[in-house]
Amino acid sequence: MRIRATVAAVSGALALSAFVVPAAHAADSASSYRADVAKVLEAAHSASGKTAFTATTAADDAPYALNVAFSNLKVNNGKAIAVGTTNHVAVPVTYTLTHGADVDITAADFQTGPYIYKGAFSDPDNMLFGVDPAKCTVTSSTAASCKGNIDIYPAEGDLINSDAGAWKAAGLAIALNGQDPSSSSFDITKVGVADKGGFTSPNVQRYSKLTVNASPEPVKKGKTITVTGKLTRANWETNKYAGYTGQSVKLQFRKKGSTTYTTVKTIKTDGYGNLKTTTTASVDGYYRYSFAGTSTTPAVSAAGDYVDVR
């Protein structure tokens, strides 16, 4: 779930210009986590009156620096995050949380969770959080093992096309200490916040699709086979799939009875993502197109199209 950000805040650089819970989830009890985080950070920025503030300014009119640290943060088991046009993607994250003796991570109003961000930690272009806070298992008096999700809803505007590619990961913890962010008596100085970025995250990618059609079927040995197809990827701004242009794609063939594809030739997609080439019929088998992927788009191979050679 998305945050477009312009204002840096709190003991690191968690930034905020809009912390929006999409309408489809606004009534859910789970949304209270994001709502609380939003109110704390908005209050912190409003109280400080500064473009950015850190632990060195927190004593006067901002959250204090919470004695919490994050380590061993791993996003999606290190695998790229492929996001389509409509389906919700829940990205698993694990990390270790360590804390001082003065921090009660079992308190009902202590919340922690991972997030990923695009761009600089001090001024990110986008951030994606989970709907729920992470769940932590206490492993010692000052440490816990935590698991959470980052929830991505492409149909609700969480991503734009330029978001594809490299991201970084971060950990966040908030101790409300009995404060109610929705109350008129909310005292931001009694709230603790820990925010640490710079962790490795896999790329966020635009989900890809690839088709193939080999014809005619059947075909006489020695005759020409025309193989067409199309490479498309998710357009997060239209919520449709669009042709991926100018990309190298391999035409591959697998003989009947074999499990291995071999490359026949490499061609490029046209201005609409279309593919078209010819080859000579020799033996029965399957033709497919295979795309190796890029930093913004995952690899994909079409299902083989069988051709009966007579």
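Remember, it's a predicted structure, so these values are computed and weren't measured experimentally. Side chains are part of it too, since the values below use all heavy atoms of this structure and drop only hydrogens, waters and symmetry mates.
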Query raised in the report: Side chains of S201 and Y117: do they bring a donor and an acceptor to under 3.5 Å?
Result: no
Query raised in the report: If you measure only the distance, is there a donor-acceptor pair under 3.5 Å linking the side chains of Y289 and D305?
Result: no
Requested in this report: Please check if any side-chain donor atom of T96 sits under 3.5 Å from a side-chain acceptor atom of N72, or the reverse.
Outcome: yes
Query - Short side-chain donor-acceptor distance under 3.5 Å, T294 and Y244 - result: yes
Query raised in the report: Got a donor-acceptor contact below 3.5 angstrom from the D180 side chain to the S182 backbone?
Result: yes
Query raised in the report: Salt-bridged, R310 to D308, with N to O below 4.0 Å?
Result: yes
Requested in this report: Please name the residue in the list L275, V264, N213, L251 that meets the side-chain contact (heavy atoms from CB on, under 4.5 Å) test with V227.
Outcome: L251
Query raised in the report: Sub-3.5 Å donor-acceptor pair from the side chain of K118 to the main-chain atoms of A166, do we have one?
Result: yes
Query raised in the report: So does Y261 have more than 12 non-hydrogen atoms from other groups sitting under 6.0 Å from OH?
Result: yes
Requested in this report: Consider only side-chain N and O atoms of N177 and D109, and report whether a donor and an acceptor are under 3.5 Å apart.
Outcome: no
Requested in this report: Would you verify whether the NZ or CZ of K168 falls within 45 degrees of the ring axis of F121 while also being under 6.0 Å from that six-membered ring's centre?
Outcome: no
Query raised in the report: Which of these, T112, T142, V138, sits in a side-chain contact (heavy atoms from CB on, under 4.5 Å) with I105?
Result: V138
Requested in this report: Tell me, yes or no, whether the heavy-atom count around K265 atom NZ, taken from other residues, nucleotides or ligands under 6.0 Å, exceeds 12.
Outcome: yes
Query raised in the report: Does a donor on one side chain sit under 3.5 Å from an acceptor on the other, for T297 and R233?
Result: yes
